[in-house]
Amino acid sequence: MSQEEVISDSEEYDPLSSGLEPEIESLSTDTDSRMALNTNKAGMEGLDKDKINKIIIEASKGSKFYINQKKRQEIASKRNMKLKQEMERITKSDLERAILETNYEIELLESTRDLSSIIVHVDMDAFYASVEMRDDPSLRDIPMAVGGSSMLSTSNYVARKFGVRAGMPGFIAKKLCPDLKIVGGSFDKYRAVSKVVRGIFHEYDPDFSPMGLDEAYINITQHVRSRIQHFLIDNNRELREDPVFDKLDICSIDQYWDRGLVENIVREMRGKIEAATQLTASAGIAVNTMLSKICSDMNKPNGQFFLPPVRDNLIEFIRNLPVRKVCGIGKVTEEMLKSLGIIKVQQLYEKRAELKILMTDCSYQNFLRIFMGLGSTELEVKSDRKSRSTERTFPEISNPLKMYEMLEKLSSELSDDLKKKGCAGYTIGIKLKTVDFEIKTRVMTIPYPTNDCKDILTCSRTLLDKEIALLKPKMLKLRLMGVKVSGFGLGEDELNQTEAGESKAKRRKLQPNMPSLIDMFNSNSNSFEPPSINNSNYPLQAKEDLGNYTFRNSLSQQPEDSPDPNPQSSSTCPICSQIITGGNLTLNKHIDSCLNKRYIRDELSPYTAPIKTAGKQCKSSTNSQLSIQSYFTKSKDNNHHL
DNA sequence: TACATACAC
DNA sequence: TATGGTGTATGTA
Ligand SMILES: Nc1ccn([C@H]2C[C@H](O)[C@@H](COP(=O)(O)OP(=O)(O)OP(=O)(O)O)O2)c(=O)n1
Ligand SMILES: [Mg+2]
Ligand SMILES: [Mg+2]
Ligand SMILES: [Mg+2]
């Protein structure tokens with residue numbers, strides 16, 4: 001039972017935990033949350049977590065990945081301690097005031113409660129794995145997963161019993177389950193299946209909202225109502241025999257939330273999916289997206305769960321759940337809340353005043369809505385994509401020439417993709433992941449939108465060169481590179497349609513006369529970024545295929561072009577463009593200080609979980625401050641509404 | 001705007 | 001031997 005006793009033999013000496021902050025360290029409750037098995041998934045109930053985690057940790061220990069996870073965990077843990085201390089320091093009077101405020105906000109929110117919509121969340125069971133099992137019967141009864149030895153996309157339910165799940169490296173999964181069969185996937189196949197499934201969703205709600213390939217939110221309110229209508233008034237005999245009405249006593253359209261009817265219709269939809277694809281789906285039925293999403297997991301696989309549209313029912317339902325079940329609350333938020341003593345949604349409610357004081361308004365509002373069981377009752381119209389990107393993991397690269405080659409491939413891919421989609425953006429970015437799993441992103445904005453391969457390459461090279469220069473004399477060792485274009489503004493099609501579009505288009509019409517990026521770099525006139533310096537002293541072996549890129553030389557000097565400057569000369573800081581005199585030592589010191597300004601803002605990084613998940617943005621709380629104030633002025637006269 | 005972080009699938 | 005790829009939202013400066 002007592003874990004302290006069990007782990008004593010594996011306890012490590014941790015230099016970070018000695019000395020300075022003994023009381024904080026001793027309070028640490030979270031040591032492995034980032035590495036441990038995440039059982040928040042259907043089919044993973046009742047596993048021997050301790051045994052599985054031991055294997056996972058054992059297989060991971062000492063790896064660069066593990067070290068990085070540990071580091072991040074430490075940061076989050078410290079942030080959580082501090083948060084807890086802040087909570088303990090809240091004064092009684094502040095708390096009382098916050099309770100009054102929060103109760104009033106709850107009351108306002110309560111008045112927005114809408115139980116009228118039937119929101120269904122449908123999600124395919126073990127999607128990729130099920131497709132592969134369907135197509136290869138030998139996989140059907142054995143533990144299997146889709147992916148490779150370094151990463152699994154998903155696993156079937158047999159494998160989940162061993163702790164094997166999506167996002168787990170295959171080689172670790174093999175340790176958990178030596179008989180695990182790992183098969184490679186084919187995205188095209190899943191996309192094709194998805195198309196079929198979406199066709200069925202469309203029959204029930206033309207405005208359904210897909211989330212990824214295997215799931216969607218479907219508002220079937222209208223479908224059910226018109227189905228009743230036809231059943232009641234249509235003289236068509238076939239419709240009168242609509243089987244979903246079997247043994248039900250439906251005599252009015254107002255009975256559209258009838259449990260039997262709604263469940264039959266959802267069962268029918270799942271049946272159509274299975275008939276069309278030989279794959280099973282599960283569904284959740286509730287009054288909003290937040291709840292229906294949770295419900296679709298309740299009876300997985302091949303099941304459905306109906307949450308009655310009754311306020312007290314759904315509040316009881318949600319409050320008994322661990323906060324982690326809620327979409328948008330992941331590992332980090334779970335741990336953060338745990339440090340405040342919050343595990344179940346009920347405790348979210350009990351600590352509402354503390355949360356109001358401690359959290360940003362956005363997070364706090366989100367927690368309010370969660371414990372009240374509120375969510376989106378309308379599905380959002382699919383909004384345009386805001387960015388496109390491509391990235392790749394590879395065996396370590398530390399030679400910049402190889403990095404350039406990679407950027408070239410990525411830029412070309414991204415450019416093709418952008419052109420195919422007919423979009424172009426002002427902002428070009430790169431993503432780098434070092435072999436230590438540290439992630440850097442760098443972006444630059446240019447004066448006109450582009451989807452041109454050369455432009456993307458030029459910019460991404462500039463950004464990369466800057467990082468290389470910055471890190472010198474340390475070597476940049478990468479395991480991943482990526483390129484991204486964002487800031488689309490208006491797409492090509494839209495440019496000439498709206499009025500705003502036209503004026504924007506006009507502003508961009510200087511394009512024909514606008515110098516190309518390359519020209520801008522060459523002329524060095526008023527360049528939007530200081531010219532990059534690549535005076536790194538890596539061994540740069542000339543390669544045949546470098547000749548293709550005439551702009552390469554204009555972009556950044558080759559190492560021999562800019563040898564290490566005279567130790568006494570002045571140079572430009574690649575970060576702030578300031579001119580630094582006094583040789584390399586001074587320059588490096590300056591760069592270090594710039595680096596610190598740039599990357600080390602705060603010992604504790606902010607807590608930044610995204611709130612928006614599915615459905616329409618909450619229209620509520622546009623002016624909660626005003627509401628609170630009006631409450632206080634009002635409450636002087638009548639505070640009975642508390 | 002730029003960057004890091006968290007989350008979903 | 002080995003820990004993914006694509007996209008969005010949020011906090012801070
Ligand atoms: N980290 C992840 C999670 C999921 N997927 C892919 C594979 C899944 O099959 C598909 C759908 O994701 P789900 O979360 O719905 O998981 P499954 O459908 O596999 O299982 P479940 O039955 O729990 O829905 O997305 C992925 O590539 N990487
Ligand atoms: Mg699924
Ligand atoms: Mg899914
Ligand atoms: Mg969650």
Side-chain angles (χ1 to χ4, degrees), chain A residues 34-35 38 40-41 56 59-60 63-69 72 75-76 79 123-124 127-128 146-154 165-175 182 185 187 190 194 210-216 293 324 326-336 359-363 365-366 380 383-396 410 413-414 417 426-427 429-431 433 435 437-445 463 479-487 528 575 597-602 604-614 617:
Chain A
R34 294 188 80 100
M35 289 301 303
N38 169 7
N40 181 42
K41 188 140 191 70
I56 293 176
S60 304
S63 69
K64 300 202 156 159
F65 180 80
Y66 182 82
I67 292 166
N68 179 266
Q69 292 294 306
R72 293 153 73 87
I75 291 166
R79 187 177 59 201
D123 187 303
M124 304 295 293
F127 185 46
Y128 295 1
V146 177
S149 63
S150 39
M151 186 52 57
L152 302 180
S153 289
T154 195
R165 56 159 298 159
M168 178 179 278
F171 72 91
I172 290 182
K174 274 285 197 182
K175 300 195 175 180
I182 299 177
F187 205 67
Y190 312 140
S194 182
M211 311 290 296
L213 282 187
D214 92 318
E215 68 189 80
K293 169 81 186 170
R324 185 66 156 86
V326 178
C327 187
I329 295 188
K331 272 181 201 296
V332 175
T333 307
E334 178 184 35
E335 288 300 323
M336 184 269 289
M359 310 303 293
T360 64
D361 193 54
C362 185
S363 290
Q365 297 285 339
N366 184 44
E380 197 171 12
S383 67
D384 290 345
R385 265 235 267 265
K386 294 174 178 166
S387 67
R388 307 191 75 89
S389 63
T390 174
E391 64 189 56
R392 199 147 303 139
T393 295
F394 39 70
E396 174 176 334
L410 294 167
E413 275 179 33
L414 182 58
D417 176 55
Y426 289 95
T427 304
I430 61 169
K431 173 171 165 181
K433 179 149 66 180
V435 292
F437 291 87
E438 305 277 3
I439 293 167
K440 301 175 203 279
T441 59
R442 300 291 180 256
V443 297
M444 71 194 290
T445 296
L463 294 165
R479 75 178 337 268
L480 170 147
M481 298 178 81
V483 293
K484 176 189 310 225
V485 169
S486 56
F528 43 88
I575 313 292
K597 273 183 220 153
R598 189 162 164 185
Y599 301 124
I600 307 174
R601 299 190 179 100
D602 199 347
L604 299 181
S605 51
Y607 163 77
T608 59
I611 304 301
K612 193 170 175 221
T613 50
Q617 180 73 301

Selection from [options] that lies nearest to any side-chain heavy atom of [X]:
X        : options              : value
A/Lys293 : B/dC9, C/dG4, B/dC7  : B/dC9
A/Thr441 : C/dG4, B/dA6, B/dA4  : B/dA4
A/Phe437 : C/dT6, C/dT10, C/dG4 : C/dG4
A/Ser389 : C/dT6, B/dC9, B/dT5  : C/dT6
A/Ser149 : B/dT5, C/dG4, C/dA2  : C/dA2
A/Arg79  : B/dT5, C/dG7, C/dG4  : B/dT5
A/Arg385 : C/dT8, B/dC3, B/dC9  : C/dT8
A/Arg72  : B/dA8, C/dT10, B/dA6 : B/dA6

Round to a whole Å and report the spacing from [atom1] of [X] to [atom2] of [N].
X        : N      : atom1 : atom2 : result
A/Asn38  : B/dA6  : CG    : P     : 15 Å
A/Asp417 : C/dG7  : CG    : P     : 7 Å
A/Lys612 : B/dA6  : NZ    : C1'   : 16 Å
A/Asp123 : B/dC9  : CG    : C1'   : 9 Å
A/Lys484 : C/dG5  : NZ    : C1'   : 11 Å
A/Asn366 : C/dA9  : CG    : P     : 14 Å
A/Asp361 : C/dG11 : CG    : P     : 9 Å
A/Leu414 : C/dG5  : CG    : P     : 15 Å

Applying a 4.0 Å non-hydrogen cut-off, can you work out what [X] is touching in the nucleic acid: base, sugar-phosphate, or nothing?
X        : answer
A/Met359 : nothing
A/Leu480 : sugar-phosphate
A/Ile172 : base
A/Gln69  : nothing

Can you sort out the partners of A/Arg72 under side-chain contact (heavy atoms from CB on, under 4.5 Å), two or more places apart, ordered by chain and number?
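If we apply the side-chain contact (heavy atoms from CB on, under 4.5 Å) test to A/Arg72, skipping adjacent residues, the hits are A/Arg34, A/Asn68, A/Gln69.
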Examine [N]: is either OP1 or OP2 under 4.0 Å from a nitrogen or oxygen in the side chain of [X]? Give yes or no.
X        : N     : answer
A/Ser387 : C/dT8 : yes
A/Lys431 : B/dT5 : no
A/Lys386 : C/dA9 : yes
A/Thr445 : B/dA2 : yes
A/Arg442 : B/dA4 : yes

Minimum heavy-atom separation for A/Thr390 to A/Leu410, with atom names?
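Here A/Thr390 and A/Leu410 meet closest at CG2-O, 3.5 Å.
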Please report the shortest heavy-atom distance between A/Tyr128 and A/Ser153, naming the atom on each side.
CD2-CB, 3.7 Å
Starting at the 5' end of DNA chain C, which residue's closest nucleotide do you reach first, A/Cys362 or A/Arg392?
A/Arg392
A/Thr390 vs A/Phe171, nearer the 5' end of DNA chain C by closest nucleotide:
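The residue whose closest nucleotide sits nearer the 5' end is A/Phe171.
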Where each residue is assigned the nucleotide of DNA chain B containing its nearest heavy atom, which of A/Tyr607 and A/Asp214 is assigned the position nearer the 5′ end?
A/Tyr607
Note: for A/Thr613 and A/Thr608 on DNA chain B, the residue whose nearest nucleotide lies more 5' is A/Thr608
Would you call A/Glu396-A/Lys64 a salt bridge at under 4.0 Å N-O?
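The answer is no: the pair does not qualify as a salt bridge.
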Does [X] reach the side chain of [Y], with side-chain heavy atoms less than 4.5 Å apart?
X        : Y        : result
A/Leu152 : A/Ile182 : yes
A/Arg79  : A/Met336 : no
A/Leu480 : A/Arg392 : no

Would you compute the distance between atom CZ of A/Phe171 and atom OG of A/Ser150 and round it to the nearest 0.5 angstrom?
8.5 Å
Set out, in order, the CA-CA distance, both residues' side-chain angles and the distance that settles side-chain hydrogen bond (donor to acceptor under 3.5 Å, both in side chains) for A/Tyr607 and A/Thr360, then state yes or no.
CA-CA 9 Å; A/Tyr607 163 77; A/Thr360 64; over 6 Å; no
A correct dot-bracket answer for DNA chain C, with pairs being Watson-Crick or G-U at under 3.5 Å, [ ] for crossing pairs and | for inter-strand pairs, is ....|||||||||
